[in-house]
Amino acid sequence: MPVFVQLAAFLPVTGFALYLFGCVVASRIRYIRLGRPSDLPAAPAVRWRRLAAAMLGHRTLLKDVRSGLMHLVMFYGFVILQFGAVDLIGKGLAPGWHLPLGAAYPAFRLLQDLAVFLVLLATGYAGYRRYVEKLPRLKRGWKAGVVLMFIAGLMLSVLLAQGAEQIWRGESPSWGQPFSSLVSGLFAGAGKAAAGGFFYLFWWVHLLVLLSFLVYVPQSKHAHLLFAPVNIFLRKIGAPGKLAPIDFADGSAESYGVGKIEDFMRSQLIDLYACVECGRCTSVCPASATGKLLSPMHLITNLRDHLTAKGAAVTSRSPWMPAFAFAGSGGEEESRRELAGDVVTGTELWACTTCRNCEEACPVGNEHVDKIVGLRRYLVLTEGRLPAEAGRMLVNLERQGNPWGLGRSDRTAWLDGLKPPLRAPLVQEGEPFEYLFHVGSMGSYDNRAQRVAVAMIRLMNHAGISFAVFGVEEGNSGDTARRIGNEYLYQQLAMENVERFVRHGVRKIVTIDPHAYHTFKNEYRDFGLPDNVEVYHHTELLARWLKEGRIKPDKLARERVVYHDPCYLGRHNGVYAAPREILRSIPGVELVEMERHGADSMCCGAGGGLMWMEEKEGSRINAARTEQALSVKPTVIGTACPYCLTMLGDGTKAMEADERVKTMDVAEILAGAVAERV
Ligand code: SF4
Ligand code: SF4
């Protein structure tokens, strides 16, 4: 075909497709820019490393090995095939031309041929997993099928064009292009001129599929190809699960929290277009698994669809190109829906335990929890809408400094039960101490958690640690208030606590409560907790004191212990090893693991304020988690959080297993092994 004819058709078609692509991408960027400006990202070196690990190594995707490998093949296949597309398009425009790779060109052709074949295989496998194996986390609508057809179309057209080209150019089948050579047999009897015609036919098919795919990508879930790298790059660094404070001193604020899509930060809105609808988040969500309405994937996709509809209405830029092919209906109606209440319902919002399992599973770095808390903040602070039992708990916190509304003076009642020689001195002016033991509201008022506090005191006495407790002066950490959305109360409690820590010259804090640990360690710095104040979870110190020989467990325990990782200790703070080291150090303890442990541990159901709310939908999360623990036939379910202890203890009672299986904090198990020495 004459070159000028090819060019005369190629240039307008390609130019038009690039124009449509540009319009779609520009519309999404405009919608994202409706959000509040995000700070310029700090620590670029860390971010580039993280991006490289996520993209080149597929770190998160490979947690599901089969899907991860399939995606890895597609990713690297497409990287190679980008060059292949340039090579093929160039050959169609300038016969005789090819990529200027010199002596390496034959190797490139072989690589390209292999990549085409492997991507075809991976595409077939993706279709199998979605439509035959029917993997529960994957949607099975036509849109996902369209993408697979696009990819298959691209690969087949390359093979057919290259096969026809071999006959056209009079090349013999060779191992240098094994799959194209196989396909060339289809054109063997056609003669050179006809094979040349076939080459151009499949060349055009390839180009048109490629350009259609290019235009389709940003208006489908495959927008993740563009937005996921940006999202991973911009993702929070530092402690995951750290929430951003509200600036109550800002007099211009008309409302607090996220009441409309524009109240999200731009970096949070990028999450929405980065979502690939893989369902990994929903498949690990304890709320979804127990029949609640909440599905973290649908939370993200519903927010995305709302942003697209509202963005189109506000900017008057259509999100769909060409509109006749892609536009859905109801865009205007969608843009008018209330964000907290309609787009995301209260039932969904109040079902989240803030466990972060969804975030840990998400391959594109989406952060669900800060969005949920942002919406809760709006409901609580601006609208005063929250479950009645959560409201009562917050009033108790405000008035008495504990969730039950028990007397402030009763905070030390548990200390009266300490039998000499055990000692837990109170913080007093001029009396030095190394560690402040923050007992927490659970440890102070809850009978079961009090036994953990006593075990910790026993171990600190045993190890000869200098420590003190605040007693009635101690304040609630405010973590629950913050996760429920009452940021105002949280900040009040946080500032009171920080003032007390500073006034008493506290340098090291230890607590048995992972929620207090998380907020002290990662969030209190925003409210003035000095950087040199060290914060520890009790398991971190116990593991250290065991290593230093300050604690020597010498009593046989003879227990088969399954350890449940508390979300705020594990996923929020990466403390997985210390509790296990403690258990392994106890003579006679056999440590076993549930299928879901470590970073994939399932929540007990108490986080995010749900400890104080009724679970009205579906089955109980604590029952599901207890069942998982009991499946490995332990004699003890071990944990390191007073909330988990309550939930799992209730779970064993509900399953009538409490007679044969104890639920204990690791400090209690350890204290039992050193009891005779204290
Ligand atoms: S934080 Fe936990 S409960 Fe909330 S949506 Fe994510 S996985 Fe579900
Ligand atoms: S939010 Fe992440 S894990 Fe969930 S569906 Fe989207 S990409 Fe997958």
Side-chain angles (χ1 to χ4, degrees), residues 54 58-61 63-64 67-68 71 130 135-139 143-144 220-232 235 240-241 243 268-305 344-345 347-376 483-485 518 565-568 570-572 596 599-611 613 615 617-618 620-622 624-625 647:
H58 277 47
R59 200 172 54 89
T60 313
L61 278 168
K63 284 180 188 168
D64 175 347
S67 290
H71 199 274
R130 192 177 291 269
L135 209 62
R137 66 176 167 81
L138 296 175
K139 287 183 177 177
K143 286 185 183 170
S220 72
K221 72 189 182 90
H222 280 68
H224 80 276
L225 293 170
L226 302 169
F227 292 102
V230 184
N231 199 42
I232 293 167
R235 194 181 185 191
L243 296 175
Q268 291 179 301
L269 295 179
I270 294 173
D271 281 26
L272 311 183
Y273 290 124
C275 177
V276 63
E277 298 182 23
C278 66
R280 283 177 170 81
C281 50
T282 296
S283 70
V284 296
C285 173
S288 308
T290 51
K292 286 28 169 207
L293 188 62
L294 173 65
S295 148
M297 175 174 80
H298 289 113
L299 175 101
I300 296 288
T301 54
N302 289 348
L303 289 173
R304 179 199 62 200
D305 294 346
V344 186
T345 63
T347 312
E348 289 166 276
L349 289 176
W350 298 117
C352 176
T353 67
T354 67
C355 70
R356 288 199 61 259
N357 212 342
C358 48
E359 298 184 357
E360 192 71 33
C362 179
V364 299
N366 275 352
E367 291 163 320
H368 307 68
V369 175
D370 57 359
K371 293 181 190 63
I372 290 173
V373 174
L375 290 157
R376 283 182 177 186
R483 264 73 208 172
I484 283 182
H518 173 71
D565 290 274
C567 305
Y568 276 73
R571 269 189 298 275
H572 284 68
R596 288 186 63 178
D600 190 35
S601 171
M602 181 174 152
C603 180
C604 71
L610 267 70
M611 176 87 179
M613 292 183 229
E615 237 177 294
E617 276 183 291
R620 293 190 62 84
I621 295 175
N622 69 332
R625 185 56 174 164
M647 298 307 263

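Note: hydrogens, waters and symmetry copies are ignored here, and every other heavy atom, side chains too, is used. Counting convention: from 1, in listed order, for ligands and their atoms alike.
Taking all atoms of both residues into account, the shortest heavy-atom contact from Gly605 to Leu610 is O-CB, 3.4 Å. What you find for Arg376 and Ala351 is that their closest heavy atoms are NH2-N, 4.4 Å.
Distances from ligand 1 to the non-hydrogen atoms of Cys603 include no value under 4.0 Å.
Distance from atom 7 (S) of ligand 2 to its nearest protein heavy atom, with residue and atom name: Val276 N, 3.3 Å. Scanning the protein heavy atoms around atom 8 (Fe) of ligand 2, the nearest turns out to be Cys278 SG, 2.3 Å. Annotation: atom 2 (Fe) of ligand 2 to nearest protein heavy atom, Cys362 SG, 2.3 Å.
Interface atoms of ligand 2 facing Cys275, defined by a heavy-atom separation under 4.0 Å, are 1 (S), 5 (S), 6 (Fe), 7 (S). Close approach to Pro363 involves these atoms of ligand 2, each under 4.0 Å from a residue heavy atom: 3 (S). Those atoms of ligand 2 that come under 4.0 Å of a heavy atom in Met297, given as number and element, are 5 (S). Within the listing of ligand 2, atoms 5 (S), 6 (Fe) sit less than 4.0 angstrom from a heavy atom of Glu277. Set against the non-hydrogen atoms of Val364, the atoms of ligand 2 under 4.0 Å away are 7 (S).
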Pair Asp271-Lys371, salt bridge (Lys or Arg N to Asp or Glu O under 4.0 Å): steps then yes or no: CA-CA 10 Å; Asp271 281 26; Lys371 293 181 190 63; 2.6 Å; yes

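Here atom 5 (S) of ligand 2 lies nearest to Gly279 when heavy atoms of Gly365, Ser283, Ser295, Gly279 are compared.
For the pair Ser283 and Pro136, the minimum side-chain heavy-atom distance is 4.5 Å or more. Two residues are said to be in side-chain contact when any heavy atoms from C-beta on lie closer than 4.5 Å; Leu303 and Val344 meet this criterion.
Partners of Glu367 according to the salt bridge (Lys or Arg N to Asp or Glu O under 4.0 Å) rule, which considers only residues two or more places apart in sequence or in another chain, are Arg235. Ala361 meets the side chain to side chain contact (heavy atoms under 4.5 Å, CB included) test with Arg280, Val284; sequence neighbours excluded. Scored by the salt bridge (Lys or Arg N to Asp or Glu O under 4.0 Å) test, Asp305 finds no partners at all (sequence neighbours excluded).
Using a 30° and 60° split on the angle between ring planes, Tyr568 and His518 fall in the perpendicular class, above 60°.
The backbone N or O of Cys567 sits less than 3.5 Å from a side-chain atom of His572, completing a donor-acceptor pair.
The number of protein N/O/S atoms found under 2.8 Å from atom 6 (Fe) of ligand 1 is 1.
Each of Arg596, Arg625, Arg571 was scored for a side chain to side chain donor-acceptor pair (under 3.5 Å) with Ser601, with one residue passing: Arg625.
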